[in-house]
Amino acid sequence: MARFPHGKVFCCTAHLVQVLFELAYSHSPTIIFIDEIDWIATNKGDCILSEPAKRFRSELLSRLDGLVSNENSNVVLLATTNSPWGIDAALLRRLEKQIYVSLPNEVARLGIFKLYLSNHLLENTDIVNHIVKCTERYSCADIKLLCKQAWLLEISPIWRRLEKKETPVTTLKYELKSYEILAKLLKKMSPTVMQIDKYDTRNK
């Protein structure tokens, strides 16, 4: 699997696209994965691409045309985007299957929190129900960030004691024990995913 992070797309050349696909063909079955593909195929008229970016995009579109042949059927392109409406028509025509991944439901959110909450918190039904309800419009990444920030706040007193050598070095387990810290963060943090209705309308 090959990945092109969006921060490096415009540094890539058309030659690298050729090499990528040739490697994929020679090692098939293969999945080529491009994250946030809208960065290189936007339909925004005010977006001016550099010449290397234009050549990169042109070569990519050309190579995607070659994937539809029976000879290359063992090579699949998988691309992701948070802005499907921002991708230009030329690329959309070449992406035959579009899959909408919705925000996690209550069961999925609970499953994520089980990775981070201590058994003490998980055993309290009222606390768990409140946390799951408050994160209704949160993405998986939002929940992960929430738990990370809560954990850092929890262990900050331990870090201060370690810096002052007031306590022996110990292993810090990534486990949330303080409901109060989580509750305060939930009042401050907002979900990062916007325009949910726009996603739902597009995928009806």
Side-chain angles (χ1 to χ4, degrees), residues 1-45 47-105 107-109 111-116 135 137-148 174 191-196 198-204:
M1 179 171 66
R3 178 171 181 167
F4 282 79
H6 70 263
K8 297 181 180 179
V9 163
F10 295 111
C11 296
C12 294
T13 65
H15 175 68
L16 292 181
V17 178
Q18 298 174 14
V19 172
L20 171 64
F21 276 81
E22 292 302 325
L23 284 172
Y25 296 146
S26 63
H27 292 81
S28 63
T30 313
I31 298 175
I32 299 174
F33 177 69
I34 303 179
D35 193 16
E36 298 187 28
I37 197 168
D38 48 288
W39 281 79
I40 58 172
T42 179
N43 62 9
K44 296 180 181 179
C47 181
I48 302 177
L49 299 180
S50 63
E51 284 304 317
K54 289 179 181 179
R55 292 194 294 271
F56 178 89
R57 178 182 176 279
S58 176
E59 181 65 27
L60 176 62
L61 294 177
S62 175
R63 292 287 174 165
L64 290 180
D65 287 333
L67 289 181
V68 299
S69 66
N70 292 331
E71 180 182 356
N72 300 325
S73 60
N74 286 332
V75 177
V76 176
L77 173 76
L78 178 63
T80 66
T81 179
N82 289 322
S83 305
W85 47 81
I87 299 177
D88 66 18
L91 179 60
L92 282 177
R93 287 195 301 269
R94 292 164 171 82
L95 300 176
E96 300 175 354
K97 181 68 175 180
Q98 298 180 29
I99 302 173
Y100 173 49
V101 180
S102 62
L103 293 177
N105 58 22
V107 175
R109 294 199 301 277
I112 297 172
F113 279 114
K114 284 182 177 179
L115 299 174
Y116 302 105
T135 54
R137 298 176 72 89
Y138 279 50
S139 67
C140 298
D142 291 335
I143 295 175
K144 183 179 179 181
L145 178 61
L146 169 71
C147 293
K148 180 179 180 180
Y174 193 173
T192 58
V193 180
M194 304 298 179
Q195 301 176 310
I196 298 299
K198 193 172 182 179
Y199 285 101
D200 293 337
T201 300
R202 177 183 175 83
N203 290 278
K204 284 184 178 178

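These figures come from a predicted structure and were not determined experimentally.
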Distance in Å, [X] [atom1] paired with [Y] [atom2], rounded so as to fall on 0.5 Å steps:
X: Y25; Y: L20; atom1: OH; atom2: CG; answer: 9.5 Å
X: N74; Y: H27; atom1: CG; atom2: NE2; answer: 14.0 Å
X: L95; Y: T81; atom1: CG; atom2: OG1; answer: 10.0 Å
X: K148; Y: L146; atom1: NZ; atom2: CG; answer: 12.5 Å

Item to check | Partners passing side-chain hydrogen bond (donor to acceptor under 3.5 Å, both in side chains) against T80 (at least two apart in sequence or in another chain) | outcome: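 With neighbours one apart ignored, the set is D35.
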Next on the checklist: Hydrogens and angles aside, do D142 and S139 bring a side-chain donor and acceptor to less than 3.5 Å of each other?
Outcome noted: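 Yes, side-chain donor-acceptor contact under 3.5 Å.
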Checklist entry - Taking C-beta and beyond as the side chain, do R63 and E22 meet within less than 4.5 Å on heavy atoms? => result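 Yes; the side chains approach each other to less than 4.5 Å.
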Next on the checklist: Between Q98 and L92, is the side-chain contact (heavy atoms from CB on, under 4.5 Å) condition met? List the steps.
Outcome noted: CA-CA 9 Å; Q98 298 180 29; L92 282 177; 3.8 Å; yes
Checklist entry - Judged by atom type as modelled, is there a donor-acceptor pair below 3.5 Å linking the side chain of R109 to the main-chain atoms of T135? => result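 Checking the backbone N and O of T135 against the side chain of R109, a donor-acceptor pair under 3.5 Å is found.
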Next on the checklist: Any side-chain to backbone donor/acceptor pair from S28 onto T30? Under 3.5 Å, distance only.
Outcome noted: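 It does not hold such a pair.
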Checklist entry - Listed by chain and number, what are the ring-ring contact (aromatic ring centres under 6.0 Å, His included) partners of F113, not counting sequence neighbours? => result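 Counting only residues at least two positions away or on another chain, F113 forms no ring-ring contact (aromatic ring centres under 6.0 Å, His included).
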Next on the checklist: For a side-chain contact (heavy atoms from CB on, under 4.5 Å) check, start with the C-alpha distance between Y174 and L115, then their side-chain angles and the critical distance, and finish with the verdict.
Outcome noted: CA-CA 9 Å; Y174 193 173; L115 299 174; over 6 Å; no
Checklist entry - Should Y116 and K144 be marked as a side-chain contact (heavy atoms from CB on, under 4.5 Å) after you check the CA-CA gap, both sets of side-chain angles, and the distance that decides it? => result CA-CA 9 Å; Y116 302 105; K144 183 179 179 181; 3.6 Å; yes
Checklist entry - So, for S26 and L23, which heavy atoms are closest and what is the spacing to 0.1 Å? => result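 Closest pair (atom of S26, atom of L23, distance): OG-O, 2.9 Å.
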Checklist entry - Between I37 and A79, which heavy-atom pair has the shortest distance, and what is it? => result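 Answer, listing the atom of I37 first, then A79: CD1-CB, 3.7 Å.
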Next on the checklist: Check this for me, if you would: do R55 and E59 make a salt bridge, where the nitrogen-to-carboxylate-oxygen distance has to be below 4.0 angstrom?
Outcome noted: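 Result for this pair is no, no salt bridge flagged.
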Item to check | Sole candidate of L78, L64, L77, V17 that passes side chain to side chain contact (heavy atoms under 4.5 Å, CB included) when paired with I32 | outcome: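 Answer to the side chain to side chain contact (heavy atoms under 4.5 Å, CB included) test with I32 among L78, L64, L77, V17: L77.
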